Participant: 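Input: one structure, supplied below.
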2 protein chains.
Amino acid sequence: MHNGRRKVTLRDLAEATGFSVNTVSRALRGEKRIAPETLQKILEAQARMGYIHNTLASSLRRGYTNTIAVILGDVSNPHFGVMMSEIEARARARGYAAFLQTTSEDEALERAAIQSAVNKSVDGILICPCPQSGQNLHTLASLGIPFVLVGRRSAAVDADYVICNDELGGWQATRALIERGHRRILMLQGDPEISSARERLAGYRRALDEAGIEYDPRLVREGSVMGKDNEALYAQILSEDLGFTAAFAFSDLIAWDFWRFLHGRGIEVPRDLSLVGFDNIQSRLSIPFGLTSIRTYKGRMSVEAVDLLVRRMRGEGDPAPARVVIDTALAPGETVRTV
Amino acid sequence: MHNGRRKVTLRDLAEATGFSVNTVSRALRGEKRIAPETLQKILEAQARMGYIHNTLASSLRRGYTNTIAVILGDVSNPHFGVMMSEIEARARARGYAAFLQTTSEDEALERAAIQSAVNKSVDGILICPCPQSGQNLHTLASLGIPFVLVGRRSAAVDADYVICNDELGGWQATRALIERGHRRILMLQGDPEISSARERLAGYRRALDEAGIEYDPRLVREGSVMGKDNEALYAQILSEDLGFTAAFAFSDLIAWDFWRFLHGRGIEVPRDLSLVGFDNIQSRLSIPFGLTSIRTYKGRMSVEAVDLLVRRMRGEGDPAPARVVIDTALAPGETVRTV
DNA sequence: CCGGGGGATGTTAACGTTAACATCCCCTCG
DNA sequence: CGAGGGGATGTTAACGTTAACATCCCCCGG
């Protein structure tokens, strides 16, 4: 039992073993030119004295940290929770620690998160940009630190990105409803400031076009990405008598919110309204009454994003921005009814 | 636009403005004894040259990092996702960055996570100990770095903890079933190596006792905490003809797994079996067919845990270990049927 | 027998910041 | 008018590690 009073440093080990600080450092890092018995003495002293390597000092001297920052909106959303989990695992496998920062989809918090990551000298950043993040990304790009956009892209910077095929997903969701006879489909679009919201809408429109259904802009409604405080919006929508028989929500979270709201008004899913979400966050939670959704391959996206970032940090690979788009798939559930 | 070629340091600012490094440092930190025009010149140079404060060097010199590590099993579980989100927000409000590390409920990964956190000189640690983590906690305690257990406690160390009242939760869940006429209640206990599993079982037994129902150990089954690979267990349980009409699962995640398994065997919830989970992860996802569960107050737990840790890091407060237990509540759902 | 090569270790400086201490100057008060 | 005080700034060393370079010694080959 050590009385954690003062930290044990390389110098302490050096004094205890009679070797120089440098020799101790090299021994602990596993360099070759060390006599076996020297190594043994040093390792023994390390264990006995409870030496702990100081990554701060090491990183300062070496100039890199083997750490990446992961900047996401909100890990309380299982979609991001799973993404974080997968990213962390992949990063660890590639020798990097992953540092989570959350933005609550707020531009100022995102700016602070980037700032903090850069201050900490992370070697690279994975970021799912929040709405209005153009300036932040612009700043980030000017810093010269490698970064990869995950889940959303941005017109503000010509940067690497790894996203799912949102246009396809939007098409698949809408198509699933059209095939069951729906022709007036509400779209809870989320925030059109983010690319995935715009592209899912594009897929929605393409599906309508292909089916010869006229696009009605009154059926497309914007809302907050995190789904907070959307009740007024839902009430407004119901009051307008738009005649829709189905809804496609930007995310499962928003779909649940809407579902709960409808239930409170006596409107049942799928009896009175069919519903499709996005992200398939119930992949693990899947239950017999599951929400029909669009599956995104979070594991593949995470691996691609981490590996791409690792290549950038190492200066390997094609210098042109990589654009990785991973197709989505329909995740059948029980919330779509034939009309 | 700067060509991020080389980092701009205090020395560069000093040379550019003609002041000493120390003056620049003090100016940027907002110390008082700085002439207004000096401050202005320095701030201008900072903006112009794109100076970025190096937290590594600063922390090394100052001896603290204003960072805490949060060590959890698995953020892909919304329960932990929400906890992380709440902890991060509270930590930020108290002036600390929160660093997430995940263990996958594995003792070796937990050890690595603690090691990594300590290497990074975090000022404190919040940890939800995995099964078999006794030795890890013991090591951690010997290091003298402040830490607080969150969500689970441990017999291995007499440390601060903030947990929910698992015994009460277990009682509430079981009681809810008993009140609806159930007398043979399966308990999917999870891993009895963790305190919450043991205490929820204690609550289960107390509820049975109070109702005069005999305890049948065959109805209590252990399983993996993360719920992975429990299918064989579920099959085994069904094959035993135990005559239970209800089940109480260690967590919502395990409840969902079991539910899905049952559905695959043609057994419907709640028609054929009533089901109660724990954690109420659907608080946000709540739907008309929601799982009956036990609500844990994750926001309060997070605030208590962070605030307690902050007190420890500052050396304030009662030196005796704090034991914070926050009561749970029944979260009514649709998965309990009267028999 | 001597030069050279290479393995083992030591010496020194540097990473970028901060804190303690020193200095300088000007203004005020006795 | 001189001592003293305090504001503004500079000098120096240190945080703990690592890398470049230097040194020493032993052994081998010519």
Side-chain angles (χ1 to χ4, degrees), chain A residues 4-43 45-46 49-67 116 118-123 143 145, chain B residues 4-43 45-46 49-67 116 118-123 143 145:
Chain A
R5 201 176 301 178
R6 214 179 59 82
K7 287 177 196 159
V8 179
T9 71
L10 283 184
R11 163 185 264 158
D12 298 321
L13 288 192
E15 281 171 7
T17 57
F19 294 102
S20 75
V21 172
N22 181 18
T23 300
V24 176
S25 172
R26 283 182 13 258
L28 293 183
R29 272 177 294 136
E31 288 214 354
K32 290 171 190 159
R33 305 290 152 80
I34 295 286
E37 57 186 19
T38 301
L39 178 59
Q40 194 181 350
K41 273 185 204 161
I42 291 174
L43 289 179
Q46 173 197 26
M49 301 173 67
Y51 167 77
I52 292 169
H53 183 247
N54 187 323
T55 308
L56 249 44
S58 175
S59 295
L60 176 61
R61 175 63 233 244
R62 299 198 303 175
Y64 54 88
T65 54
N66 278 323
T67 298
S116 162
V118 174
N119 285 342
K120 291 194 164 71
S121 305
V122 297
D123 298 336
L143 294 176
I145 166 172
Chain B
R5 202 176 302 176
R6 214 179 59 83
K7 287 176 196 158
V8 179
T9 71
L10 284 184
R11 164 185 264 158
D12 298 321
L13 288 192
E15 282 172 6
T17 58
F19 294 102
S20 75
V21 173
N22 181 19
T23 299
V24 176
S25 172
R26 283 184 9 261
L28 293 182
R29 273 178 293 136
E31 288 213 354
K32 290 170 190 161
R33 305 290 151 81
I34 295 286
E37 57 187 17
T38 300
L39 178 59
Q40 194 180 351
K41 274 184 203 162
I42 291 174
L43 289 179
Q46 173 197 26
M49 301 172 67
Y51 168 78
I52 293 168
H53 182 246
N54 186 323
T55 308
L56 250 42
S58 176
S59 294
L60 176 60
R61 175 61 232 244
R62 298 198 302 177
Y64 56 87
T65 54
N66 278 322
T67 299
S116 162
V118 174
N119 286 341
K120 291 195 165 72
S121 306
V122 297
D123 298 336
L143 294 177
I145 166 172

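Keep in mind that this is a model prediction, so the values were computed, not measured. Per chain, numbering begins at 1; letters A, B, ... match sequence-line order.
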Participant: Check whether any side-chain heavy atom of A:T23 sits under 4.5 Å from a side-chain heavy atom of A:T17, and report yes or no.
Facilitator: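 They are not in side-chain contact.
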Participant: Any sub-3.5 Å donor-acceptor pair from B:T55's side-chain atoms to A:N119's backbone N or O?
Facilitator: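 Yes.
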Participant: Between A:G63 and B:K7, what is the shortest heavy-atom contact and its length?
Facilitator: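 Closest approach of A:G63 to B:K7: O-NZ, 4.2 Å.
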Participant: Reading DNA chain D from 5' onward, which residue's closest nucleotide shows up sooner: A:I52 or B:V24?
Facilitator: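 Result: B:V24.
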Participant: Are B:V21 and B:T9 close enough that some pair of their side-chain heavy atoms sits under 4.5 Å apart?
Facilitator: no
Participant: Could you work out, with side-chain hydrogen bond (donor to acceptor under 3.5 Å, both in side chains) as the rule, every residue matching A:N54, not counting sequence neighbours?
Facilitator: none
Participant: Checking contacts here: which listed nucleotide (C:dT18, C:dT9, D:dT18) is nearest the side-chain heavy atoms of B:V21?
Facilitator: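 Among C:dT18, C:dT9, D:dT18, the one nearest the side chain of B:V21 is C:dT18.
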Participant: If we fit an axis to the first five pairs and another to the last five of the helix from C:dC1-D:dG30 to C:dG30-D:dC1, what angle do they make, to the nearest 10°?
Facilitator: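 Terminal axis comparison yields 50°.
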Participant: Starting at CG of B:L13 and ending at P of C:dG16, how long is that distance when rounded to a whole Å?
Facilitator: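 Rounded to the whole Å, the gap is 12 Å.
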Participant: Would you indicate, yes or no, if C:dT11 has its OP1 or OP2 atom less than 4.0 angstrom from a side-chain nitrogen or oxygen of A:S20?
Facilitator: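 No, outside the criterion.
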Participant: Do A:T65 side-chain atoms and A:S59 backbone N/O form a donor-acceptor pair below 3.5 Å?
Facilitator: no
Participant: Out of D:dT17, C:dT18, C:dT9, which nucleotide sits closest to the side chain of A:L10?
Facilitator: D:dT17
Participant: Which residue pairs satisfy the salt bridge (charged side-chain N to carboxylate O under 4.0 Å, His left out) criterion with at least one member in residues 8-29 of chain B, sequence neighbours excluded?
Facilitator: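 Counting only pairs at least two positions apart or across chains, the salt bridge (charged side-chain N to carboxylate O under 4.0 Å, His left out) contacts touching residues 8-29 of chain B are B:R6-B:D12, B:R26-B:E31, B:R29-B:E31.
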Participant: Could you check if a side-chain atom of B:L143 sits within less than 4.5 angstrom of a side-chain atom of A:I52, using non-hydrogen atoms only?
Facilitator: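 Yes. Closest side-chain heavy atoms under 4.5 Å.
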Participant: Can you build the contact string for nucleotides 21-28 of chain D? Use B for base contact, S for sugar-phosphate-only contact, and - for no protein heavy atom under 4.0 Å.
Facilitator: --------
Participant: Look at the side-chain N and O atoms of B:Y51 and state whether any lies under 4.0 Å from the OP1 or OP2 oxygen of C:dT17.
Facilitator: yes
Participant: Does any non-hydrogen side-chain atom of A:Y51 lie less than 4.5 Å from one of A:L28?
Facilitator: yes
Participant: So, OP1 or OP2 of C:dT9: does either fall under 4.0 Å of a side-chain N or O from A:T38?
Facilitator: yes
Participant: Is any side-chain nitrogen or oxygen of A:R29 closer than 4.0 Å to OP1 or OP2 of D:dT18?
Facilitator: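 The answer is yes; a side-chain N or O of A:R29 sits under 4.0 Å from OP1 or OP2.
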Participant: Looking only at non-hydrogen atoms, find the nearest pair between A:A14 and A:S20 and report the distance.
Facilitator: CB-C, 3.8 Å
Participant: Would you say the base of D:dT17 and the side-chain of A:R61 have a donor-acceptor pair closer than 3.5 Å?
Facilitator: no
Participant: Base, sugar-phosphate or nothing for A:L56? Non-hydrogen atoms, less than 4.0 Å.
Facilitator: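 Since no nucleic acid heavy atom lies under 4.0 Å of A:L56, the category is nothing.
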Participant: Of B:P36 and B:A57, whose nearest nucleotide on DNA chain D comes first from the 5' end?
Facilitator: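 Counting from the 5' end, the first nearest nucleotide belongs to B:P36.
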Participant: Below the 4.0 Å mark, does D:dG16 have OP1 or OP2 next to a side-chain nitrogen or oxygen of A:T9?
Facilitator: no
Participant: Go through the steps to decide whether B:L13 and B:M49 satisfy the test side chain to side chain contact (heavy atoms under 4.5 Å, CB included), and finish with yes or no.
Facilitator: CA-CA 8 Å; B:L13 288 192; B:M49 301 172 67; 3.6 Å; yes
Participant: If only side-chain N and O atoms of A:S25 are considered, is one of them under 4.0 Å from the OP1 or OP2 phosphate oxygen of D:dT17?
Facilitator: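 No.
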Participant: Under the side-chain hydrogen bond (donor to acceptor under 3.5 Å, both in side chains) test, which residues partner A:K41, sequence neighbours left out?
Facilitator: none
Participant: Take the protein atom CD1 of A:I42 and the nucleotide atom P of C:dA8, then report the distance between them rounded to whole Å.
Facilitator: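 Distance, rounded to whole Å: 13 Å.
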Participant: Please write out the pairs of protein N or O atoms and N or O atoms of nucleotides 4-7 of chain D separated by less than 3.5 Å, giving the distance to one decimal.
Facilitator:
unit_1 : atom_1 : unit_2 : atom_2 : d
D:dG7  : OP2    : B:R33  : NE     : 3.4
D:dG7  : OP2    : B:R33  : NH1    : 2.7
D:dG7  : OP2    : B:R33  : NH2    : 2.9

